[in-house]
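Heads up, the thing below is written out as structure tokens.
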There are 2 protein chains.
Amino acid sequence: MNETVRPTFLNLPEDKQARIIEAALTEFADKGYQQASLNTIVAASGIAKGSLYQYFTDKSGIFLYVFDFAIAVVRRLLVQVKDSTQEEDFFTRLERSLLAGLDFIRQYPKIYGIYLKILFDQQVPQRQELLQRVRQYAANYLHSLLRQGLARGELRPDLPAASAVFLLDALLDRFLQAASVPAFDVVLDLEQANPEALRQRVQELMDILRRGLAGN
Amino acid sequence: MNETVRPTFLNLPEDKQARIIEAALTEFADKGYQQASLNTIVAASGIAKGSLYQYFTDKSGIFLYVFDFAIAVVRRLLVQVKDSTQEEDFFTRLERSLLAGLDFIRQYPKIYGIYLKILFDQQVPQRQELLQRVRQYAANYLHSLLRQGLARGELRPDLPAASAVFLLDALLDRFLQAASVPAFDVVLDLEQANPEALRQRVQELMDILRRGLAGN
DNA sequence: ACTCCATATGACCAGTTGGTCATATCATGT
DNA sequence: ACATGATATGACCAACTGGTCATATGGAGT
């Protein structure tokens, strides 16, 4: 557990902390790690460059602090969706999770932007560890949904659980990317779709998941 | 159609061209667009910096030329796999395509590396257009497989084709990423798996696609 | 031998980066 | 009023970037 943030930062008035976090979040989400400029962060938050180094050890310290902040927000959402759909059947819960993900991205585009950067920016500090943390959250979430679905007999008992989680994770992740990364989705045109069309697509996908491509 | 490569480059001896393309491919795959250094490319290919600007208009010119080179290689593979599996049934063809993809990445890791960069490096020149070209190839390929599967009665006739292509594209793309990006896959551990285990996983996934999560 | 033009070169430029540090400002206790 | 320690500052630094350009080299035609 190496310290990246200095006590000085935590002593700051809350609104000043918030201004700095917000500026850093914006810059990192926009440019990724290496391309992000400390000068930009400093200018946007209205502090001197020297001050930044009174608050954090170095560039990676700022990044890791902002990442922790972001992941805490995501965690809250996952818990909330899981709890509030406890009574629904498996496929409805999946559907709700997807739509909640869309809402989240629309509400916190910068947090999602940071995730996308970590995904494929080789130079992010401690990238493997950060990536693993995020993917593990998603996998645990889906695994838990799956177990409950199996217990209730909503899924076939011979389902290979790990592969199923893999498939679900792939689909959900891609769906969110398709809906928010321009030109990424040339098939469903999710980025342009209105909420009603989106819901329609989600239901088609749930139906394929339920019955398969060949089945009855 | 704006020119990015100068005739001078095309007049060069083939091995010199190859050396330069190879060096550029390596650097872009490693660092992405903005982070790639022309100095590194120049040093690795043993030419002077000034020469680079006799061959290409500017940095983005080099990148776009290398991208075109890379996509031509991919295209050849897709055509070949499609042709050589013409007689197989839908799910076997899908399986073969996946395994062929794995082989390709192992054989041309740099080309795959460039694709991953384009995916989420906001600063890549003409990113939207390049991304769209790649995704469109994949979608057309899957669509064609699907049509033939439907025609042969291997798939249920009421299948919503667009959504099915979307799901397949998501799964295949993620599978390749999981098998080659460290720490990305916390579920199947594809990166460490031996060829036999990989084949096993692929078949489980094909089975889920065929029969669905709930079905008989 | 001379000309001509394509090709090759690397010192050089302005701009930007992450990071430093001597100095200034502020708040508090006495 | 003074001292003390935390906080704030921005000029400055070395390193590196993409790109330029005056000059050198090479080879073909005469």
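Below, chains carry the letters A, B, ... as their sequence lines are ordered, and counting in each starts from 1. Only a predicted model underlies this, so the values are computations on that prediction, with no experimental measurement involved.
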| request: Look at B/Tyr55 and C/dA8 and indicate whether a side-chain polar atom (N or O) is within less than 4.0 Å of OP1 or OP2. | output: yes
| task | For B/Tyr141 and B/Ser97, test the side chains for any donor-to-acceptor distance below 3.5 angstrom and give the result as yes or no. | result | yes
| request: Map B/Gln54 and B/Lys59 onto DNA chain D by nearest heavy atom, then report which one ends up closer to the 5' terminus. | output: B/Lys59
| Between B/Phe9 and B/Tyr55, how do the two ring planes meet: parallel, tilted or perpendicular, split at 30° and 60°? | tilted
| task | Report the distance from atom NZ of B/Lys31 to atom C1' of D/dC16, rounded to the nearest whole Å. | result | 12 Å
| task | Verify the contact: side-chain N or O of B/Asn11 to OP1 or OP2 of C/dT7, cut-off strictly under 4.0 Å; return yes or no. | result | yes
| When the distance from CZ of A/Phe56 to C1' of C/dG18 is rounded to whole Å, what number comes out? | 15 Å
| field | Residues touching DNA chain C, which here means a heavy atom under 4.0 Å, drawn from residues 38-52 of chain A | value | A/Leu38, A/Asn39, A/Lys49, A/Gly50
| task | Would you please say whether a donor-acceptor pair under 3.5 Å links the side chains of B/Arg93 and B/Thr85? | result | yes
| task | Please lay out, stage by stage, how A/Tyr108 and A/Tyr112 fare under the test ring pair (Phe, Tyr, Trp, His ring centres under 6.0 Å). | result | CA-CA 7 Å; A/Tyr108 305 99; A/Tyr112 188 64; over 10 Å; no
Which donor-acceptor pairs under 3.5 Å do side chains of residues 64-75 of chain B form with protein atoms, sequence neighbours excluded?
from: B/Asp68; atom 1: OD1; to: B/Arg133; atom 2: NH2; distance (Å): 2.9
from: B/Arg75; atom 1: NE; to: B/Tyr137; atom 2: OH; distance (Å): 3.2
from: B/Arg75; atom 1: NH1; to: B/Tyr137; atom 2: OH; distance (Å): 3.0

| message | Tell me whether A/Glu14 at atom CD has more than 12 heavy atoms from other residues, nucleotides or ligands lying less than 6.0 Å away. | response | no
| said: Can you measure B/Asp58 atom CG to D/dT17 atom P for me and round it to whole angstrom units? | reply: 17 Å
| said: So if I take every side-chain heavy atom of A/Tyr53 and compare against D/dA8, C/dG18, D/dT17, which nucleotide ends up nearest? | reply: C/dG18
| Which is it for A/Glu22 and A/Lys110 under the salt bridge (Lys or Arg N to Asp or Glu O under 4.0 Å) test, yes or no, and what are the steps along the way? | CA-CA 9 Å; A/Glu22 176 68 16; A/Lys110 289 169 196 166; 2.6 Å; yes
| Flag side-chain contact, heavy atom, 4.5 Å: A/Arg174 against B/Asp169 | yes
| query | For the atom pair CG (A/Leu78) and CG (A/Asn140), what is the distance rounded to the nearest 0.5 Å? | reply | 10.0 Å
| Tell me, which of residues 14-25 of chain A have any heavy atom that sits under 4.0 Å from an atom in DNA chain C? | none
| request: May I have the distance from A/Glu27 (atom CD) to C/dT17 (atom C1'), rounded to whole angstrom? | output: 12 Å
